[in-house]
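Scroll down for the structure; my scribbles are underneath it.
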Protein chains: 2
Amino acid sequence: MTFQDHIKRCNAWTPHLYRPLSVAGHPVGMVRHDHAEALSAFPDIFTVTSDTVRIAATHKTPAQRTQAAAQVLDTLTAQGKAPRSRHELYAVRTAFHNPDLMQIDRGYVAMLGLLAWGIHVNGYVRQPDGRIMIWTGIRSASKTLDPGKLDSMIAGGQPASLSLLENLRKEAAEEAGMSADIAAAARPVGTVSYMMDNAWGIRRDTLFCFDLELPASFVPRNTDGEVERFELIPAEELIEQVRRSQDAKFNVALVILDFALRHGLLDPEKEPDYESLVRGLRAPLSAP
Amino acid sequence: MTFQDHIKRCNAWTPHLYRPLSVAGHPVGMVRHDHAEALSAFPDIFTVTSDTVRIAATHKTPAQRTQAAAQVLDTLTAQGKAPRSRHELYAVRTAFHNPDLMQIDRGYVAMLGLLAWGIHVNGYVRQPDGRIMIWTGIRSASKTLDPGKLDSMIAGGQPASLSLLENLRKEAAEEAGMSADIAAAARPVGTVSYMMDNAWGIRRDTLFCFDLELPASFVPRNTDGEVERFELIPAEELIEQVRRSQDAKFNVALVILDFALRHGLLDPEKEPDYESLVRGLRAPLSAP
């Protein structure tokens with residue numbers, strides 16, 4: 001494995017599998033052709049042609065669209081034609097700062113190829129000699145996605161009802177037993193984005209990354225069962241482990257690479273493809 | 001002005017003005033049609049068709065190509081059909097880590113639309129209360145490009161004969177009167193890239209960015225006449241000045257924006273287009 005391989009893995013998707021989804025005239029998603037066929041059974045709600053999917057124009061408000069789509073997707077789930085719902089609403093937007101066009105259960109986001117946002121917090125401790133140690137979660141064996149893999153200290157998808165900071169505080173408490181006081185030191189440091197095919201469709205994710213320098217006395221403690229344990233790993237060691245293996249959760253590899261680049265832990269002179277790594281971490285999320 | 005405007009300004013270019021330039025079968029540049037016509041007067045060296053420009057295949061080694069192209073371009077300069085030469089050789093490569101296909105005088109890089117690399121060092125001082133002050137150069141009134149504008153503390157194009165670190169040390173001494181000992185604390189933090197039309201062709205630049213935290217006792221002192229004076233400006237103030245004006249050199253605006261994003265000085269929740277700013281700083285440098 002190289003870092004470039006991790007970026008390729010998170011950006012492996014097949015344009016011809018999808019047709020665009022629009023809501024109120026705005027391009028918001030990409031639907032796989034087989035799922036578009038399934039949605040075409042509900043013509044009052046989804047208007048499906050051979051090359052597009054739209055929410056029917058009769059559903060005029062975000063609330064009406066939210067309700068109508070939920071009804072269809074829950075029916076498809078019952079028929080085994082859509083994934084299970086997750087009972088958490090995500091915003092449907094053309095960009096993070098644009099208004100909600102509707103909301104949709106988290107479980108259906110990839111099936112509709114919607115943009116999704118999340119937060120990742122790099123929790124680290126600086127040793128007296130300046131070296132950095134990174135608090136790394138080992139994902140619970142019971143997770144559906146990437147069980148047992150390395151994870152950021154704090155991470156989570158972005159629900160429609162919270163601000164980024166509220167979400168960060170919530171996840172900090174749940175995932176790392178962290179008080180709001182300590183979490184308040186997290187500082188935003190940019191984003192990482194990628195598009196990849198998955199079992200139900202395509203992920204089009206933007207992760208808001210945060211760095212959180214922690215006192216040596218802080219020890220994270222998971223409270224929601226999502227993390228089996230935490231390890232405090234020297235940054236150089238973690239970065240090399242990520243480089244040469246798939247031990248990290250697929251997108252966490254990118255978050256750690258971004259941390260390594262920003263903190264001067266990779267040498268631009270010696271690192272193969274340094275400049276294309278920087279670009280590769282920020283894939284545009286639109287169809288070509 | 002918004003930050004997005006600065007990114008647009010550095011990425012304003014017109015695809016139909018150019019035809020591709022290749023060397024030994026590798027796409028390396030983009031030549032404006034009028035300059036392609038001028039090069040077609042030297043068919044032993046430049047093979048020009050209506051949609052491509054190539055260095056003639058008879059020039060087989062990098063050294064032969066370097067010499068042949070220099071002869072043509074110096075002739076065109078004497079005829080007023082090419083810019084003045086700068087007496088500094090740049091490497092012609094398809095990416096920073098790839099081998100030199102030839103070398104060319106810095107003065108002709110934009111005319112041939114070659115990839116170019118540079119270094120920018122953000123020199124800053126952290127106050128006891130944690131606030132950041134940035135050492136900012138005011139460019140000399142005698143500079144051809146962006147005289148009197150704000151500049152990075154240390155910056156420079158990347159000559160073929162130096163490593164990035166050697167270039168950083170050389171520019172640190174020339175531009176800021178800085179010893180190699182102090183410069184050694186500079187740490188690489190990623191890249192910024194952009195493509196823009198200019199008077200002679202197109203710039204396709206990748207800037208290797210470095211952060212250098214300085215002791216409060218250090219005061220930069222320019223030795224090469226390129227900087228008129230330095231000011232130590234509170235980061236928030238400099239960032240807002242960059243946002244709302246064109247006071248900074250065109251590409252320095254991007255370097256300061258990148259610094260602001262990485263250091264948590266912009267709020268992802270409130271900053272318009274935060275996610276597209278992060279992407280916009282890393283434009284791919286290939287034709288669409």
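Here is the naming used below: chain letters follow the sequence lines, and residue numbers restart at 1 for every chain.
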Let me know if [X] has heavy atoms under 4.5 Å from chain B in its side chain, its backbone, both or neither.
X	result
A:Ser163	both
A:Leu261	backbone
A:Leu165	both
A:Asp211	neither
A:Ala283	backbone

State the [atom1]-[atom2] distance between [X] and [Y], to the nearest 0.5 angstrom.
X	Y	atom1	atom2	result
A:Glu269	B:Leu168	CD	CG	9.5 Å
A:Arg282	B:Arg282	CZ	CZ	4.0 Å
B:Arg187	A:Arg262	CZ	CZ	9.5 Å

**Report entry** B:Trp117 and A:Glu275, any side-chain heavy atoms less than 4.5 Å apart
**Finding:** yes

Requested in this report: Flag the pair B:Arg279 / A:Leu285 as yes when at least one side-chain heavy-atom distance between them is below 4.5 Å, and no otherwise.
Outcome: yes

Report task. Counting only heavy atoms closer than 4.5 Å, note whether B:Asp273 contacts chain A via side chain, backbone, both or neither. Result -> backbone

Requested in this report: Examine distances only and state if a side-chain atom of A:Tyr274 and a backbone atom of B:Gly190 form a donor-acceptor pair shorter than 3.5 Å.
Outcome: yes

Report summary line: Residues of residues 94-103 of chain B with a heavy atom under 4.5 Å from any heavy atom of chain A, in residue-number order, are B:Ala95, B:Phe96, B:His97

